[in-house]
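Mind having a look at this structure? Questions to follow.
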Amino acid sequence: TGSGKNEIGTKVSFPVAFTWTDFFFFYMQDLERNIQMYTQKLFIDFRIGSEFNSWGDKAAVSAYTNMIQVYDWYQSTLNRTSVDNRGKKLDVLVHDDSMNDNAYWDGSGIAFCDNKSISSSTTPASSLDIVGHEYTHGVFEYTAGDLPYNNTITGAINEGYADVFGCLIEGDWQIGENWLSGQDYTNYGRDAADPTAHRAPDKMSSSFYAQNEEEHTNSALVYHAAYLMEHYGMSKSTLARLWYKSMSMGYDANAEFYTVRRNVLKAAKKMNLSSSEIQIIKRAFDEEEIYDKGTVTGTVTNVEGNAVRGAEVSAYLGGEQIGQATTGSDGTYTLELDSDTYVLHVNATGHVEYTASQEITRNTTSVHDVVLVKAGNGLVSGTVVSATSGQALSGVQVNVRSGYSNKDGMVIANTSTDDSGTYSLELEAGYYTFEMSLENYTSSYTDVLVQGGETAAINGSLSPVL
């Protein structure tokens with residue numbers, strides 16, 4: 001174990017590696033977590049070592065201990081081991097001369113640059129949220145994919161996720177406040193609670209939205225959404241699991257900001273979050289004007305073709321009601337819903353409940369008309385004859401299954417024709433499939449609508465097997 005002061009001035013302890021055979025006896029290296037520290041001199045990277053286990057490079061101490069803290073947060077909170085979840089070696093470089101006033105993920109680790117134009121006594125390595133931000137770029141790369149970055153929406157999504165986790169790891173909603181101050185913080189820092197204070201958008205119509213799709217500006221639409229979710233009642237622990245799960249819900253080079261909404265909601269569904277938490281997610285994105293909605297509309301009528309007023313049309317997802325509308329005097333309804341596949345339930349007094357699936361697609365209006373049947377019991381009767389001779393067929397088995405076009409489902413009622421080829425069945429109002437079968441004849445299937453208090457004549461004709 002080694003110790004030294006970080007850039008904040010706090011003395012901290014950290015693991016070191018010992019060797020008898022190298023230039024130094026001690027190296028700033030964590031063998032358990034597979035983290036190796038480097039410094040740069042004249043654009044050449046050197047392992048950070050010490051002959052007597054004394055560590056005076058405060059930037060290195062800050063970068064190293066913050067990196068360990070971020071690593072441990074991901075492992076304890078999300079059960080993720082290193083950025084690839086397979087224990088990948090992580091190289092951490094301080095005093096990088098390739099640029100100034102910056103930190104970045106380079107595909108194998110994190111590099112920290114020294115200050116040149118920023119008047120701060122510390123480097124980016126002093127900020128736990130910045131280290132968490134850069135580490136998350138690695139997690140995002142291995143989870144969501146290596147997506148287009150510079151001046152793209154996918155670049156802003158990548159940056160936004162990095163800021164979400166930088167905030168969650170440090171425990172507040174500012175980025176860089178421990179490194180920057182004054183005008184530097186205004187110019188280069190970020191505030192998820194109020195992005196506009198740093199000339200970043202808090203909604204799609206904001207004047208601060210970068211039309212050139214600059215990723216560090218428009219990323220505010222991602223991390224501000226996460227802030228709003230906590231603001232409206234979601235815990236940080238739930239947010240961490242939710243946003244982490246959403247990384248793997250499907251991003252590609254064509255992703256838009258509405259894709260973030262869609263993927264966060266997909267993750268919430270996978271996690272079985274409550275309906276109130278789902279509404280918090282939708283409220284946050286709605287407030288930012290990030291929508292992923294489509295519309296279903298239609299007319300509810302009875303079998304005679306008359307409009308049914310006051311019918312309740314409800315959309316269910318995963319057993320929970322998501323939306324509801326009531327038909328007017330013309331029998332019409334309209335529901336606006338997030339993109340997904342729902343089950344529509346239509347109920348009206350004196351009628352049988354209607355159910356059917358309905359897919360909602362973004363920016364698309366689907367038409368789903370509904371015909372309701374009268375409730376109660378109805379009668380179905382008819383005669384079955386030979387298709388070739390016209391002779392009545394006795395002993396024909398009549399099997400009844402629920403729903404239209406249902407040839408293989410459970411038989412809920414059955415009867416057979418008498419000597420005159422006739423049959424009769426009393427059934428609850430609804431939609432059915434009638435199967436008529438007789439040995440040496442080809443079976444027939446007929447969709448049958450049964451209405452309460454009425455009789456439906458359903459005759460059959462069977463062809464002999466040749």
Side-chain angles (χ1 to χ4, degrees), residues 296 298-316 324-333 342-358 367-387 390-438 441-463:
V296 58
T299 303
V300 180
T301 61
N302 58 26
V303 174
E304 289 76 27
N306 301 316
V308 177
R309 180 176 184 173
E312 292 197 353
V313 183
S314 302
Y316 283 79
Q324 190 270 333
T326 303
T327 58
S329 58
D330 58 355
T332 61
Y333 72 93
Y342 299 83
V343 177
L344 292 184
H345 291 250
V346 183
N347 289 279
T349 303
H351 294 80
V352 176
E353 181 184 41
Y354 171 92
T355 62
S357 65
Q358 176 63 53
V367 176
H368 194 131
D369 293 327
V370 176
V371 177
L372 296 181
V373 300
K374 296 176 185 176
N377 287 351
L379 191 67
V380 181
S381 63
T383 301
V384 184
V385 300
S386 168
Q391 182 180 357
L393 298 175
S394 65
V396 174
Q397 183 73 17
V398 181
N399 291 327
V400 182
R401 297 179 175 90
S402 294
Y404 282 168
S405 302
N406 183 5
K407 296 183 179 181
D408 301 312
M410 182 178 70
V411 175
I412 62 168
N414 63 79
T415 189
S416 58
T417 58
D418 59 20
D419 291 342
S420 62
T422 62
Y423 73 94
S424 179
L425 271 173
E426 183 178 351
L427 297 168
E428 288 186 8
Y431 304 86
Y432 299 95
T433 300
F434 274 43
E435 176 190 17
M436 299 178 182
S437 60
L438 182 64
Y441 285 83
T442 302
S443 298
S444 70
Y445 297 88
T446 306
D447 290 337
V448 177
L449 172 63
V450 178
Q451 291 209 82
E454 298 193 10
T455 298
I458 305 297
N459 297 316
S461 175
L462 301 183
S463 298

More than 12 heavy atoms from other groups under 6.0 Å of CG on D408: no
Candidate pair Y404 and L449, rule side-chain contact (heavy atoms from CB on, under 4.5 Å), full reasoning: CA-CA 9 Å; Y404 282 168; L449 172 63; 3.5 Å; yes
Test side-chain contact (heavy atoms from CB on, under 4.5 Å) applied to V396 and T415, V384, V385, D418, the passing residue: V384
Shortest non-hydrogen contact between A413 and L427, atoms and distance: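 Taking A413 first and L427 second, the nearest heavy atoms are CB-CD2, 3.9 Å.
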Option from T417, N399, L462 for which side-chain contact (heavy atoms from CB on, under 4.5 Å) with M436 holds: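 Filter result, single survivor: L462.
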Heavy atoms from other residues, nucleotides or ligands near CD of Q358 exceed 12 (cutoff 6.0 Å): yes
Let me check something: any side-chain donor-acceptor pairs from residues 302-312 under 3.5 Å, sequence neighbours excluded? List them with distances.
{"residue": "N302", "atom": "OD1", "partner": "E304", "partner atom": "N", "Å": "3.1"}
{"residue": "N302", "atom": "OD1", "partner": "G305", "partner atom": "N", "Å": "3.1"}
{"residue": "N302", "atom": "OD1", "partner": "N306", "partner atom": "N", "Å": "2.9"}

Chi angles and distances behind the side-chain contact (heavy atoms from CB on, under 4.5 Å) call for V373, Y431: CA-CA 9 Å; V373 300; Y431 304 86; 3.8 Å; yes
Exercise: identify the closest heavy-atom pair between Y354 and L372: CB-CD2, 3.7 Å
V400/V411 under side-chain contact (heavy atoms from CB on, under 4.5 Å): CA gap, chis, key distance, verdict: CA-CA 6 Å; V400 182; V411 175; 5.6 Å; no
Test item: V296 and Y333 side chains (from C-beta on) under 4.5 Å apart, heavy atoms: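 Side chain of V296 against side chain of Y333, heavy atoms only: contact under 4.5 Å found.
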T422 side, atom OG1; L393 side, atom CG - distance, nearest 0.5 Å: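 CG of L393 is found 12.0 Å from OG1 of T422.
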Check: T433 side chain, S405 main-chain N or O, donor-acceptor pair, under 3.5 Å: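 Yes, T433 side chain to S405 backbone: donor-acceptor pair under 3.5 Å.
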Exercise: do T301 and T299 side chains pair donor with acceptor under 3.5 Å: no
Any donor-acceptor N/O pair, N459 side chain to T383 backbone, under 3.5 Å: yes
I412 and Y432: CA distance, side-chain angles, deciding distance, side-chain contact (heavy atoms from CB on, under 4.5 Å) verdict: CA-CA 10 Å; I412 62 168; Y432 299 95; 3.5 Å; yes
Nearest non-hydrogen partners of G409 and R401, listed with the distance: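 Looking at all heavy atoms of both residues, the shortest contact is O-NE, 2.7 Å.
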Interatomic distance, D447 atom CG to F434 atom CZ [nearest 0.5 angstrom]: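 Reported to 0.5 Å precision, the distance equals 11.0 Å.
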Any pair counted as salt bridge (charged side-chain N to carboxylate O under 4.0 Å, His left out), so long as it reaches residues 453-462, sequence neighbours left out: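 Checked against salt bridge (charged side-chain N to carboxylate O under 4.0 Å, His left out) - neighbours excluded - the pairs reaching residues 453-462 are K374-E454.
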Nearest non-hydrogen partners of A429 and G452, listed with the distance: CB-N, 3.6 Å
Residue pair T326 / Q324, side-chain donor-acceptor N/O under 3.5 Å: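 On atom types as modelled, these side chains qualify, holding a pair under 3.5 Å.
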Residue pair H345 / V343: nearest heavy atoms and the distance that separates them: NE2-CG1, 3.5 Å
All pairs passing ring-ring contact (aromatic ring centres under 6.0 Å, His included) where residues 405-428 contributes a residue, at least two apart: none
Closest approach of S381 to T455 (non-hydrogen atoms, all atoms of both residues): OG-CG2, 4.0 Å
Atom pair OH/OG of Y342 and S357 - distance to nearest 0.5 Å: 13.0 Å
